[in-house]
Amino acid sequence: MRAAGQGTGGAAGDADGPGGPGVPGGPGEAGAAGDGGPQGAGAARASGPGGGAPRVPRGSAASAQNGSCQCGARGAERRLVQLYITMPFSSPMEAELVRRVLSPDATPLPRPGAVLKDFTVSGNLLFIRLTAADHRQLQLSISSCLQQLSLLMWIVQCFLPVFLALLHSGQRR
Amino acid sequence: MPAVLGFEGSANKIGVGVVRDGKVLANPRRTYVTPPGTGFLPGDTARHHRAVILDLLQEALTESGLTSQDIDCIAYTKGPGMGAPLVSVAVVARTVAQLWNKPLVGVNHCIGHIEMGRLITGATSPTVLYVSGGNTQVIAYSEHRYRIFGETIDIAVGNCLDRFARVLKISNDPSPGYNIEQMAKRGKKLVELPYTVKGMDVSFSGILSFIEDVAHRMLATGECTPEDLCFSLQETVFAMLVEITERAMAHCGSQEALIVGGVGCNVRLQEMMATMCQERGARLFATDERFCIDNGAMIAQAGWEMFQAGHRTPLSDSGVTQRYRTDEVEVTWRD
């Protein structure tokens with residue numbers, strides 16, 4: 001699923017200033033953006049479910065209507081680095097289950113260096129957005145997030161068949 | 001007869017236990033052991049837990065002879081503890097609760113120790129000495145709360161012992177505290193160390209700093225042996241713990257003392273506490289390493305009590321808490 005006007009996208013990492021890799025280009029891909037704001041005229045983002053990556057929260061420095069970054073006005077403003085992950089599942093139920101499992105830990109305590117995590121679902125796609133104040137924090141968070149996803153997939157594979165069998169037979173209590 | 005599955009992983013031990021009506025049906029556990037001279041870091045510990053937790057879950061179900069349909073509730077450690085390991089276990093508990101459609105109960109780790117100690121020993125209303133690598137508290141029950149009467153004002157006693165073990169590069173297998181205990185049995189000389197009790201509280205950072213400073217010099221000059229240092233450290237810190245426990249017992253008029261937590265396995269600590277209790281005409285209770293050391297069954301047992309009392313943790317509230325005080329929980333399952 002591509003955002004309108006999006007190029008190839010999909011590269012993991014971070015981008016500084018406008019014109020970076022921008023939003024993810026399709027299912028299962030990761031993308032990154034810097035500055036917490038729109039990346040430029042060519043990287044328009046669809047908002048909400050069904051439209052690709054969730055809209056990036058607008059930082060005060062990069063919230064210009066035309067998408068350009070007012071570097072001069074940024075001054076002492078905090079620069080953020082972000083990573084987007086789009087994860088496909090075999091059903092919307094699975095995607096929603098994983099979202100509900102990961103969401104309780106999404107809101108960090110208000111402390112310097114905390115990584116903000118957002119999880120949203122559209123159909124069978126889970127969208128994950130990680131926002132950090134620096135690269136190192138983001139890298140650590142990516143590693144942890146992917147390992148947790150891996151473990152969740154493993155558990156779901158182990159127990160989902162029984163769950164579905166019980167569901168279909170109407171025996172779920 | 002509800003059966004509760006409990007997940008514990010707040011530090012370097014990960015366990016999954018099954019408890020039904022006061023019986024421990026399964027309690028497998030794994031420990032993340034680091035090389036001598038090092039401690040365990042949150043990220044590495046979480047990675048270890050993620051790698052073994054599914055196997056432990058299968059083991060617990062097999063050992064208990066139960067299936068997912070027989071389980072009535074999923075309990076997990078909500079806190080306190082290390083963030084990444086707590087999250088890695090909580091995520092599994094939430095997933096299993098959703099897939100099996102069972103209610104979730106978040107348990108305070110300290111209360112897990114206390115409830116397991118009460119179950120195993122049969123103590124009715126003891127003054128509890130909770131001592132581990134992460135916590136050191138003297139606790140007594142009063143009006144639906146486990147009240148903290150005394151505690152460490154800096155580091156836990158187990159943390160003091162573990163960090164001393166790193167100084168001497170004592171092995172962490174099976175645990176640094178256990179190896180210090182074995183070495184202490186061979187100690188002959190008591191080295192004077194700072195003894196710090198402040199009213200109902202204790203402090204261990206000073207004695208740790210002191211022994212870290214002097215250890216190598218004293219060993220190099222032959223003034224003492226590593227066994228002497230282990231012996232001296234144990235005698236000093238355990239005497240401090242006995243003092244604050246006795247003070248709490250005197251305050252509460254208590255005739256029972258219960259030791260819980262990993263450091264509670266230490267036989268020398270149990271001997272010293274027993275001597276104090278005997279002098280007061282009180283009874284001492286303690287468990288063995290199956291239940292002293294962090295384990296899943298203690299979370300399952302506390303979860304069982306909470307589940308029976310009607311506690312439920314909605315998914316939206318099932319986040320973990322690194323700092324979770326023992327007296328934050330309303331103990332509705334006791335009179």
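Everything numeric in this text was worked out from a predicted model, so none of it was measured. In what follows, chains are A, B, ... by sequence order, proteins preceding strands, each numbered from 1.
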(request) Counting only heavy atoms closer than 4.5 Å, note whether B/Ser88 contacts chain A via side chain, backbone, both or neither. (result) backbone
(request) State the OG-CZ distance between A/Ser150 and B/Arg50, to the nearest 0.5 angstrom. (result) 9.0 Å
(request) Evaluate the side-chain proximity of A/Ile155 to B/Leu99: yes if any heavy-atom separation is below 4.5 Å, no if none is. (result) yes
(request) Give, for atom CZ of A/Phe159 and atom CD of B/Gln98, the distance between the pair rounded to the nearest 0.5 Å. (result) 14.0 Å
(message) Counting neighbours of CZ on A/Arg136 that are heavy atoms of other residues, nucleotides or ligands and sit closer than 6.0 Å, is the number greater than 12?
(response) no
(request) Check whether B/Leu54 gets within reach of chain A through its side chain, its backbone, both or neither, counting any heavy atom under 4.5 Å. (result) side chain
(message) Quick one, A/Leu151 with B/Ile53, criterion side-chain contact (heavy atoms from CB on, under 4.5 Å). Give me CA distance, side-chain angles, the key distance, then yes/no.
(response) CA-CA 9 Å; A/Leu151 176 60; B/Ile53 190 166; 4.1 Å; yes
(request) Among A/Leu152, A/Val98, A/Leu140, single out the residue with the greatest number of heavy-atom pairs under 4.5 Å to chain B. (result) A/Leu152
(request) Taking all non-hydrogen atoms of both residues into account, name the closest pair between B/Arg94 and A/Asp105 and its distance. (result) NH1-OD2, 2.7 Å
(request) Would you please name every residue forming a side-chain contact (heavy atoms from CB on, under 4.5 Å) with B/Ala51, sequence neighbours left out? (result) none
(message) Any non-hydrogen side-chain atom of B/Val87 less than 4.5 Å from a side-chain atom of A/Gln148?
(response) yes
(request) Examine whether an atom of A/Leu97 lies under 4.5 Å from a heavy atom of chain B, and if so say whether it belongs to the side chain, the backbone or both; otherwise answer neither. (result) both
